[in-house]
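Here's the structure we're looking at; comments come further down.
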There are 2 protein chains.
Amino acid sequence: MTDKKTIKVETTFSGAGYIPNLAIDVVIFGFHDKQLKVLLMKYNRTEFYALPGGFIKNNENLDTAAMRVALERTGLTDVFLEQFYVFGDINRYDPTPFAAIMEANDTKPDKDHFLLQRFISIGYFALVDFTKVTPTPDKLFDSCNWYELNAMPALIQDHTSIINKALETLRAKLDDKLIGFNLLEENFTMGELQNLYETILDKKLLRPAFQRKILALGILERIAKKYSGAAHKAPYLYRFVSK
Amino acid sequence: MTDKKTIKVETTFSGAGYIPNLAIDVVIFGFHDKQLKVLLMKYNRTEFYALPGGFIKNNENLDTAAMRVALERTGLTDVFLEQFYVFGDINRYDPTPFAAIMEANDTKPDKDHFLLQRFISIGYFALVDFTKVTPTPDKLFDSCNWYELNAMPALIQDHTSIINKALETLRAKLDDKLIGFNLLEENFTMGELQNLYETILDKKLLRPAFQRKILALGILERIAKKYSGAAHKAPYLYRFVSK
DNA sequence: TCAAAAGTGTTTAGTCTACACCCATGA
DNA sequence: TCATGGGTGTAGACTAAACACTTTTGA
């Protein structure tokens, strides 16, 4: 993961080979303990928290760059990824955190350094199976960890509003597109799926209605019963099957 | 409109003062004669047709840049504008049209000229009142005209698929957001609105159902009757009122 | 046999579809 | 008074909400 070739932000990073003024930020959502979580990075020797992000190589597709960022932080290939908005106000980009980060890592950047310019950022969100993720920092980061949405540290720049916009998009697309399954393990119970929906939409749903609505979509396959050892009827396990 | 300060693409254009590798393309939709139309430009002394587009000034908000492009081509301020997708594949950008355009205008660009680099393009769509628009070319263009969606010339690069994606987004948002009104004049009849919906969605709708659905939204104000001189009941004029 | 959670049935209310009907208008 | 298009009424079909009931599980 910390292979030198894949490190995208180094304090000695000059920006050569990358498109200037353009960044990618990826909101990586996971679901665990009935909570929706996002992956956040903390820069070395600072209190700056940020979304996983990166830049676009001169010869790289946009989606490939986003996938690369997701891979670097989660260890997962083949992640569900979707572009959702571009953040391009002039005043969104404040160079002072980056200047401070570089100084904390003993680098003195020029005033016109690649990283201190204005950046326009393309927002992607990723939906991943929490249990399969290995949160992975690299040289520039003290940590890479999951945070509950309502227990996040302050983030640099407009990253908090990027997360909010991502969540808004996720909510809107949850119903017409069938993307929720990407947040669960391969096999799951109807209760787990309902939990996920309730968490994302932040409201209670009626169990019978939910069960019928989801099954009526005809995209779930009933696998087997899941005996948890608890003293109640064992729920069925389902698996997503696309046609 | 052809004030030198606002010309964004000139054959002598060096790119100075603009963000490199990043463009904006605006799909400007109008509605006329029961047809949905888009505004297209034709480059001087070539057969290259393209979407209205432009670049982002170093100190300009993304939305402002899109609004500027729309203003330059339509003469309208305060246009309904929405960002819908970023087109960022490496192979989407083919420099040969731009090289040919510059040569047709007696300019010989370097191989590493601003305009011949890879571009990532941020797609916006605009909904305008057809009757208020003055299609406006500038020095670089022979023409700026409305085209019906199914009678468009071949477009450079991936502009055709940008239009398709814009149309897709427009269809999807027509129902939940109430953006269709932007394509009509201030006062309109229910029949005109239904025509618009039928054209965009490309299917017939039932008149009674449509009337009730729209009125149930509670966002229309009934103004007066519109006497057209035809031998039938005069329809009401409505006006959009936001709460 | 009991509590808890899963799954299914059923009644009701609400919404949508399709068609019918009535209204206003100018020839 | 007739044809035309606009507006509303309404029966039936379909769908969703709310609640009840049954089933399965381990203690």
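By convention in this document, chain letters (A, B, ...) are assigned in the order of the sequence lines, proteins followed by strands, and residues within each chain are numbered from 1.
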### Task
Check the distance between C:dG7's P and A:Leu220's CG and give it to me in whole angstrom.
12 Å
### Query
Quick one: B:Leu193 CG to D:dG6 P, roughly how many Å, whole number?
13 Å
### Task
Please confirm whether A:Phe181 and A:Phe80 have ring centers closer than 6.0 angstrom.
no
### Query
OP1, OP2 of D:dT8 versus side-chain N and O of B:Gln211: anything below 4.0 Å?
yes
#### Entry: Length of the CG-P vector between B:Asn195 and D:dG5, whole Å
12 Å
### Query
Donor-acceptor pair, B:Asn195 side chain versus B:Lys34 backbone, under 3.5 Å?
no
### Message
Return the CZ to CD1 distance between A:Arg171 and A:Ile200, rounded to the nearest 0.5 Å.
### Response
8.5 Å
### Query
Whole-Å distance between C:dG7 C1' and A:Tyr238 OH?
8 Å
### Message
Nearest whole Å is fine: how far is C:dA6 P from A:Arg222 CZ?
### Response
13 Å
### Query
Taking the six-membered ring of A:Tyr238, is the NZ or CZ of A:Arg222 close enough (under 6.0 Å from the centre) and on axis enough (within 45°)?
no
### Message
Using a strict threshold of under 4.0 Å (side-chain N to carboxylate O), is an ion pair present between B:Glu185 and B:Lys132?
### Response
no
### Query
Between A:Lys203 and A:Glu198, is there a side-chain N and carboxylate O pair less than 4.0 Å apart?
no
## Note on the structure
Going 5' to 3' through nucleotides 18-27 of chain C and flagging B where a protein heavy-atom sits under 4.0 Å of the base, S where only the sugar-phosphate is that close, and - otherwise, we get BB---BBBB-
### Query
In whole angstrom, what separates A:Leu215's CG from C:dA6's P?
14 Å
### Message
Without decimals, in angstroms, what is the distance between B:Leu217 CG and C:dT15 P?
### Response
13 Å
### Query
How close or far is atom C1' of D:dA16 from atom NZ of A:Lys213, stated in whole angstroms?
11 Å
